[in-house]
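Below: one structure, written as structure tokens.
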Amino acid sequence: MKHISEIFNKVRSVFFVMMTGLLLVILVGTSGCSFGDSSGPGNSVQKEDSVGCTDNDGDGFYVEEGCGKRLDCDDRDPTINPQAKEFCVGIDNDCDGLVDEDCLPEVCDDGIDNDGDGINDEACLLGNSFVSDTGQTRCYDTIYFLYPCPSPGEDFYGQDACYATISSPFTRLDAGGFPLTKDALNWAMVRDNLTGLIWEVKTEDGTIHDKNLVSDWDRAGDAFMAQLNDENFGGFSDWRLPTIKELNSIANFIGRSPAINTDFFPNTIDASYWSATMNAADASSAWSLDFDDGGIVKNDKQKNFSVRAVRGIGSSPIYTDNGDGTVTVTENGKHLMWARDSSSEAMTWQDALRYCQDMTLAGYSDWRMPNIKELRSLVDYGRYQQAINENYFPKTSSISYYSNIFWSSTTHAPDASSAWFVHFDSGNSPSGVDKTYMYANALVRPVRGGL
């Protein structure tokens, strides 16, 4: 009997162990938890090749919870995931909720892209600027093309092409919003890696994206955008009409027809494109950018112009009065430093270049005349009769009507005898004014690179 009892106890023990194991299997299968593994959300781990684990961009991170790794915050771009390197491009590459944290500063003249923004040594001249390049690489005097560009101390030094400014590195995207290689032959959208904005690419296919489609201002902002969003173009439903400053960010000033990089923005017609920015002085008009040459003018909202959609979060300037006669303007963590006061006297374009080069202010001697994109960045289109933030840039004593015209260092390339300007009475910047004529004498506000 004792032998039988021992056998019974052994059988009962084995049965208990088997039932305990079965219970554990049931619990694991029900909860999806893997004990001792904390690699996934809530310790929940699932095979990476399981059904329902979506990895569109092939970076090894997934859309759904419980797929082996932390959630991918952008499954359209393989350079964005929880283990990606953070680059200084205005994007949260590593999915930690922070943008461009711990970015390395750019080191001058080492030929290395230290801050990971795709541009080498830009800090040497302009620092960490939020304004993209105008594209102008040729120098001019008051009439002719100059080659080579002037050297420091020579006449006409300090103009746009004398400085290597920050370019806008673009990325082609397909119809699903996924990044393509630089040599891709077909793309539907373009991402500006400096601003983070995504732009619609125009077509010649007769669809809503066709380059010849025009609209009045109301329909451009409502019906056109509604159709794009209803169609979920590119997988997004937040397309909108760009502001005038956003349109200015993709213009270039190499020449004309069209004034944009057609390697990324094909089928751009040399005509005006609507912006979402209304004219502060007249609610019946709004600002447009003419991609024939890059001019910004206000137009009646009833006119029919071209439309290009954009998506993404726009930026707003942050002003800091440094208390030393300078003002730092910051956008997206990038900077430009301005002289708080403009020149007290009007001058020709050549004299304005020299004025900026000879200037020493707040211990800095690297002041220069701003290019047209930089100068337009100061315009406050919500104001008129001083379209600038007067809390930081007080009104200059009126010399004449033309005292509100400010020179830029950018030549109006279609006519080398004129240079781009901004009229700060309204923000108007239609084309160039003659570099030498006395009636075109204008003021200048020097700028220097970021901090």
Side-chain angles (χ1 to χ4, degrees), residues 90 119 122-137 139 157-168 192 194-195 243-254 259 289 294-296 314-320 322 326-343 349 352-353 355-357 359 361 364 366-381 387-389 392-393 404-413 419-424 427-433 442-451:
I119 310 159
E122 73 275 6
C124 298
L125 294 174
L126 291 186
N128 200 16
S129 173
F130 57 86
V131 179
S132 61
D133 193 5
T134 66
Q136 192 160 111
T137 58
C139 287
Y157 179 75
Q159 60 182 284
D160 191 341
C162 292
Y163 296 92
T165 59
I166 293 179
S167 63
S168 265
D192 184 335
L194 182 62
T195 64
T243 67
I244 192 61
K245 287 191 175 183
E246 289 170 339
L247 273 180
N248 184 59
S249 72
I250 60 171
N252 69 32
F253 298 86
I254 299 172
L289 194 146
I296 289 178
S315 61
S316 298
I318 299 172
Y319 298 90
T320 303
N322 300 311
T326 69
V327 175
T328 298
V329 182
T330 304
E331 288 192 30
N332 291 326
K334 301 176 185 295
H335 318 278
L336 281 174
M337 181 184 284
W338 295 86
R340 187 172 187 268
D341 298 322
S342 64
S343 59
W349 188 70
L353 288 170
Y355 174 87
C356 295
Q357 291 298 307
M359 185 176 195
L361 175 65
Y364 300 104
D366 57 348
W367 297 95
R368 56 185 173 78
M369 182 140 60
N371 66 42
I372 186 57
K373 281 193 171 183
E374 292 169 328
L375 190 58
R376 286 175 175 175
S377 75
L378 282 185
V379 177
D380 185 342
Y381 289 95
I388 194 171
N389 191 326
Y392 296 91
F393 300 102
N404 276 334
I405 286 181
F406 280 73
W407 286 120
S408 84
S409 64
T410 307
T411 291
H412 186 237
W420 284 97
F421 72 96
V422 172
H423 196 310
F424 277 94
N428 204 36
S429 180
S431 60
V433 291
L443 303 173
V444 63
R445 188 184 302 278
V447 70
R448 63 177 299 274
L451 303 178

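On a predicted model such as this, the values are computed, not experimentally measured, just so you know.
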Just so I know, are the side chains of [X] and [Y] near enough to count as touching, which here means a heavy-atom distance under 4.5 Å?
| X | Y | result |
| --- | --- | --- |
| Asn371 | Ser409 | yes |
| Thr195 | Glu246 | no |
| Trp338 | Pro370 | yes |
| Phe393 | Ser342 | no |
| Tyr355 | Leu443 | no |
| Lys334 | Leu194 | yes |
| Arg445 | Ile388 | yes |
| Phe130 | Thr330 | no |

Does [X] use its side chain to pair, donor to acceptor, with the backbone of [Y] at less than 3.5 Å?
| X | Y | value |
| --- | --- | --- |
| Gln159 | Cys139 | no |
| Trp420 | Ala413 | no |
| Gln136 | Ala161 | no |
| Lys245 | Gly314 | no |

Sequence neighbours left out, what passes side chain to side chain donor-acceptor pair (under 3.5 Å) with [X]? Give chain and number order.
| X | answer |
| --- | --- |
| Ser431 | none |
| Thr410 | Asp160 |
| Ser429 | Arg376 |
| Thr326 | Asn322, Asp324 |

Report summary line: With sequence neighbours left out, the residues meeting ring pair (Phe, Tyr, Trp, His ring centres under 6.0 Å) with Phe421 are none

**Report entry** Non-neighbouring partners of Tyr381 that pass ring pair (Phe, Tyr, Trp, His ring centres under 6.0 Å), sequence neighbours left out
**Finding:** Trp287

Inter-residue atom distance [X].[atom1] - [Y].[atom2], 0.5 Å rounding:
| X | Y | atom1 | atom2 | answer |
| --- | --- | --- | --- | --- |
| Ser316 | Glu331 | OG | CD | 7.0 Å |
| Ile250 | Lys373 | CD1 | NZ | 8.5 Å |
| Asn404 | His423 | CG | NE2 | 5.5 Å |

Query raised in the report: When the ring planes of Tyr163 and Tyr157 are compared, do they come out parallel, tilted or perpendicular, using 30° and 60° as the limits?
Result: tilted

Report task. List for me each residue that meets side-chain contact (heavy atoms from CB on, under 4.5 Å) alongside Ala352, sequence neighbours excluded, and say none if there are none. Result -> Met347, Met369, Trp407, Val444

Requested in this report: Check side-chain contact (heavy atoms from CB on, under 4.5 Å) between Thr137 and all other residues, then give those that pass, not counting sequence neighbours.
Outcome: none

Requested in this report: May I ask you to say whether Arg368 pairs ionically with Glu374, meaning some side-chain N is under 4.0 Å from a carboxylate O?
Outcome: yes

Requested in this report: Decide side-chain contact (heavy atoms from CB on, under 4.5 Å) for Asn248 and Thr243; before the verdict, give the C-alpha distance in whole Å, the side-chain angles of both, and the deciding distance to 0.1 Å.
Outcome: CA-CA 9 Å; Asn248 184 59; Thr243 67; over 6 Å; no

